[in-house]
2 protein chains.
Amino acid sequence: MLKYQEIAIEIEKYIEENALQQGDKLPVLETLMTQFAVSKSTITKSLDLLEKKGMVFQVRGSGIFVRRHKRKGYISLLSNQGFKKDLEDYHITSNIIELDVRTPTEEASHNLNIEPNADVYYVKRIRYINGQTLCVEESYYNKAIISYLNKEIVSESIFDYIREGLGLKVGFTDSYLHIDKLNDEEANYLGLNKGDPKLYVEGIFHLTNGQPFDFSKVTYNYQQSQFFIQSNGYLL
Amino acid sequence: MLKYQEIAIEIEKYIEENALQQGDKLPVLETLMTQFAVSKSTITKSLDLLEKKGMVFQVRGSGIFVRRHKRKGYISLLSNQGFKKDLEDYHITSNIIELDVRTPTEEASHNLNIEPNADVYYVKRIRYINGQTLCVEESYYNKAIISYLNKEIVSESIFDYIREGLGLKVGFTDSYLHIDKLNDEEANYLGLNKGDPKLYVEGIFHLTNGQPFDFSKVTYNYQQSQFFIQSNGYLL
DNA sequence: AAGTGGTCTAGACCACTAA
DNA sequence: TAGTGGTCTAGACCACTTG
């Protein structure tokens, strides 16, 4: 583990353990430098990391302050932000509708950047959060990268398997969202009515080396769709 | 302008002018260092900035590569990401319903962190994108910070005025999103039907020093709600 | 004016990738 | 094993905030 990551975790712990609130001041850089016995750049890098995660904000000439949002029940839209604990409060299960190897649709081959006759794992599943329908998900995994999947893996977290089982490093994601009305089939899967709102998300997931390995199309139950975003700019 | 920002802009230009595509390789660090005549840390900082903006990804041991999404017509959900040009393609206008000074609702005073009897500017407006309804927006501005607003300012970009007219520095934002059905009033404002989908966003906007200055409640027309997010983790 | 965070450098050394 | 990006240091100097 790198120094600046360890220090970031330490500071995160410090904030949690002392139940610091939005606006509370952290020790000054000088103090942190001597306390952790590292150079200024390293502390700065730790703090930049925490700032990126939305946990602190730094004010030049003034200090380093805690940033915490107050509302419960909202899921961070960017998983690299906020406390991981947020997600541990939820119990997610899956019901697998389909799982097989096939050739991709034109759309999928385009987004995965593979030949139309290449092999992909196709997974269709309904996901539940605390027993309620969360979403219907259709995914295409590039079989050249994700060499093996089975029902057991697909019932659990596929991404945990990709990281730990296959030893691959997940990098960045491009997601496209829009809001629309449910069609018959989707309403049926989610236990809602045709014409009800839906959040539809297409995601292209890449390894750290830039290779796309997963193209997913997900329709969310609007009743479960409470998200929050901490940004350093502003929406729209 | 800081060196690392200038260099980031130069590299951005370079990508645009050469029409580089996803996966194209940039010059190696060594080259960039000598080309811009700066130290390694400075180049690294520029590249980190571009990575945060979703324009490049760096692979240790391999190189620095361009990251670009392909789809048009999607608005970046995080304004600090992507090309600014994306937003210039849209023409946004406003129709002001209400504008006055009043005391905040309990909700607004809580989110703005001010006394219930403090003054706020209340603004309610409908916003149009290329002539179609985009959203209905209700905003509360802390008058102690945003000392003056008028119809003219409110018809244009309020944030441009805050930055340029008032000389304030906008910092971070906490946004809470959910999806629901339009009620009668909202449907009326947006020219849609009751029960149609809506994207509802509450935003708390802070200055760089952490002071909240704006609490906004915005209901978006679902037909205009096409967003994309570039993240370095993954959604849900 | 004193305190505090931010930028930038030059260079040593480390970790990963690809041929 | 050569090439390439990432971490870390020590210290100089700069920019902003606060009393």
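Protein chains get the first letters and strands the later ones, always in sequence-line order, with residue 1 at the start of each. The analysis underlying the following values was restricted to heavy atoms, covering all of them including side chains, and did not include hydrogens, waters or symmetry mates. These numbers come from a predicted model, not from an experiment.
Taking 4.5 Å as the limit, every side-chain heavy atom of A:Arg67 sits out of range of all side-chain heavy atoms of B:His206.
Distance B:Asp48 CG to C:dC8 P: 13 Å, rounded to the nearest Å. Atoms CG (B:Leu49) and C1' (C:dT7) sit 14 Å apart, rounded to a whole Å. When the P atom of C:dT17 is taken as reference, atom CD of B:Gln58 falls 14 Å away, rounded to whole Å. In this structure, the CE atom of B:Met33 is 14 Å from the P atom of C:dC8, given to the nearest Å. The CD1 atom of B:Ile43 sits 16 Å away from the P atom of D:dT7 (whole-angstrom rounding). For the pair A:Leu207 CG and C:dA18 P, the interatomic distance rounds to 11 Å; values are reported in whole Å. In this entry the distance linking NZ of A:Lys45 with P of C:dG6 reads 15 Å, nearest Å. Following rounding to the nearest Å, B:Glu6 (CD) and C:dT7 (C1') show an atom-to-atom distance of 13 Å.
Not counting sequence neighbours, B:Tyr148 has no partner by the ring pair (Phe, Tyr, Trp, His ring centres under 6.0 Å) test. In this structure A:Asp214 satisfies the salt bridge (charged side-chain N to carboxylate O under 4.0 Å, His left out) test with no other residue, sequence neighbours excluded. For B:Phe213, the ring pair (Phe, Tyr, Trp, His ring centres under 6.0 Å) partners are B:Phe159, not counting sequence neighbours. Partners of A:Tyr122 according to the ring pair (Phe, Tyr, Trp, His ring centres under 6.0 Å) rule, which considers only residues two or more places apart in sequence or in another chain, are A:Tyr140.
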Next item on the list: Mark up nucleotides 11-19 of chain D, 5' to 3', with B wherever a protein heavy atom is under 4.0 angstrom from a base atom, S wherever such an atom reaches only the sugar-phosphate, and - elsewhere.
Entry: ---BBBBS-
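Every pair passing ring-ring contact (aromatic ring centres under 6.0 Å, His included) that includes a residue from residues 21-64 of chain B is listed here, sequence neighbours excluded: A:Phe172-B:Phe57, B:Phe57-B:Phe65.
Atom CG of A:Asp119 is separated from atom CD1 of A:Ile146 by 13.5 Å, given to the nearest 0.5 angstrom.
Distance from the side chain of A:Ser39 is smallest to D:dA10 among D:dA10, C:dG6, C:dT9.
The side chain of B:Lys3 places no N or O atom within less than 4.0 Å of a non-bridging phosphate oxygen (OP1 or OP2) of C:dT7. Contact between the side-chain N/O atoms of A:Tyr4 and the OP1/OP2 oxygens of D:dT7 is found at a separation under 4.0 Å.
Backbone-only contact: A:Ile64 has heavy atoms under 4.0 Å from sugar-phosphate atoms and none from a base.
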